[in-house]
Amino acid sequence: MTVCIIGGGASGMAAAITAASNGHRVILLERQARVGRKLLATGNGRCNLSNTHADTPGHYHGADPRFSDYALGRPDLNVSATLDWFASLGLLTTAEDSGRLYPYSNMAGSVLDALRFALEGLGVDVRTGCTVTGIRVRDNALTVVAGEESIRADAVILAAGGAAGGKVGGVMDGYRLAKELGHHRTALCPAVVQLRTDPTYPRSLKGVKAQASVRILRGEETLAESTGELLFTEYGVSGPAVFDVSRAVSTGGDGLVCRLDFLPEWDDGETLDWLCRRRDALAGREAQTLLTGLFHTRLGQVICKASGFTAQSAESLTDADLRRIVRSIHRFSLPVVGTCGFDQAQVTAGGLRTDEFDPRTMQSRLVPGFYACGEVLDVDGDCGGYNLQWAWSSGRLAGMLG
Ligand SMILES: Cc1cc2nc3c(=O)[nH]c(=O)nc-3n(C[C@H](O)[C@H](O)[C@H](O)COP(=O)(O)OP(=O)(O)OC[C@H]3O[C@@H](n4cnc5c(N)ncnc54)[C@H](O)[C@@H]3O)c2cc1C
């Protein structure tokens, strides 16, 4: 059987290796000059390739959040089977306490090399710099069109990814190609992305990292919450805890607030006790030194300033003043302007409608012989290796050509 795969990213390479391992003739078409360009950028160059929790429910989203269950739950495609598969390709992995899985080398390049060597070893016909412009169906035969070239195939796997990460290859092609075959997509929005907020405080804290609980609120309703590392930027906030809640901002509409708690493990009373003790110990110093030793110096100063205190002496602060600082520590509110958009986003929320594909095979319910996998489908995972795990599992399932 001749199999044509559109897209040499994570899911396309996984599909190609699987199909070629089963004896099929495989042609892999990639519009960029090299395969796996986005993969090299993942995990800050370390490639967070999976997560030990990826088999457990609740980490994937879309109109049908259960669509991914079959591929991710199959004993030969789940997380441990994926790690075995990588080991069979010569790539060893290591897990962090958080469950995030990385190549043992800590280099995304190792993951790409293992995949590239497997493609070569299996004789996959990899054609780079080759942009697919159309897929035709006539008399049950599929033809993939790439510029002047037409390639007839018994099966076509669409692995063209999503709109996120424009600088490393995110494009709209996959949705357009599937649409020409009669498929539909849901609304698209950026996920796993930095937030833009009122920049007043973030700008003065640019580059400062903190541990915090991050909540996205509409009025008093919590839309999403995460605890972890936060990074202040010129335009707002970034970091893993922010990535986790960014989908709620993309889909949550206007008027949202990002509320930060810089001491989530303490309650208001414990924080007030600490501040009372610091007020006594810091007599003679400025109020803005009160949080020294607790937070990054600049963050401590900004929290005091946001509470209305700077130059006055620490010992002049009343208990009511300290309660205002406690509020700022636990409920520091940044009005949300939006996300940083598809170019900065790691993932696309939304995609090809999953009710038009069979979750047990990834085959189209509309066009026999046409398959889709990875991010082009309406499946997006949490930050932390979940999206690549979906790419490996769905890509390999599509490559089985069931
Ligand atoms: C900066 C960044 C960091 C990330 N870090 C992580 C991480 O650490 N962990 C994690 O789990 N996820 C991460 N992600 C998300 C993850 O990379 C994607 O979800 C995953 O790569 C999707 O795989 P895919 O095969 O569906 O698409 P892609 O990997 O995007 O591959 C699609 C390929 O198709 C090609 N293509 C598109 N159109 C055509 C066409 N018309 N003709 C031919 N080829 C075409 C593209 O050039 C591309 O190479 C990150 C994303 C970004 C942008």
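Just so it is clear, the values below take in all heavy atoms, side chains as well, and ignore hydrogens, waters and symmetry mates. Please read these numbers as outputs of a predicted model, since none were measured by experiment. Counting convention: from 1, in listed order, for ligands and their atoms alike.
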Tell me the protein heavy atom at minimum distance from [atom], and give that distance in Å.
atom                    : answer
atom 10 (C) of ligand 1 : Leu388 CG, 3.5 Å
atom 49 (O) of ligand 1 : Glu30 OE1, 2.6 Å
atom 9 (N) of ligand 1  : Asn48 O, 2.9 Å

Only pairs at least two apart or in different chains count here, so list each side chain to side chain donor-acceptor pair (under 3.5 Å) that has a residue in residues 288-306.
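Counting only pairs at least two positions apart or across chains, the side chain to side chain donor-acceptor pair (under 3.5 Å) contacts touching residues 288-306 are Glu286-Gln288.
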
Is Glu180 reaching over with its side chain to a backbone N or O of Leu177, donor-acceptor style, under 3.5 angstrom?
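No: the side chain of Glu180 does not pair with the backbone of Leu177.
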
Donor-acceptor pair, Ser393 side chain versus Leu72 backbone, under 3.5 Å?
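Not confirmed, Ser393 side chain does not pair with Leu72 backbone.
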
I want to know if ligand 1 touches [X] in the polar sense, i.e. an N/O pair below 3.5 angstrom.
X      : value
Thr131 : no
Ile6   : no
Ala164 : no

Has Gly174 got any heavy atom lying under 4.0 angstrom from an atom of ligand 1?
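In this structure, Gly174 fails to qualify as a contact of ligand 1 - no heavy atom is under 4.0 Å.
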
Within less than 4.0 angstrom of ligand 1, does Cys130 place any heavy atom?
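True for this residue.
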
Just go through [options] and tell me whose heavy atom is the nearest to [atom].
atom                    : options                     : value
atom 22 (C) of ligand 1 : Gln389, Glu375, Gln32       : Glu375
atom 45 (C) of ligand 1 : Arg46, Lys38, Met172, Arg31 : Arg31
atom 1 (C) of ligand 1  : Ala41, Gly12, Gly351        : Ala41
atom 24 (P) of ligand 1 : Gly9, Ser11, Gly7           : Ser11
atom 41 (N) of ligand 1 : Asn44, Asp173, Thr348       : Asp173

Which atoms from ligand 1 have a heavy atom of [X] less than 4.0 Å away?
X      : value
Tyr386 : 11 (O)
Val171 : 37 (C), 38 (N)
Gly385 : 9 (N), 10 (C), 11 (O)

Pair Thr233-Ser238, side-chain donor/acceptor within less than 3.5 Å:
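No donor-acceptor contact under 3.5 Å links the two side chains.
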
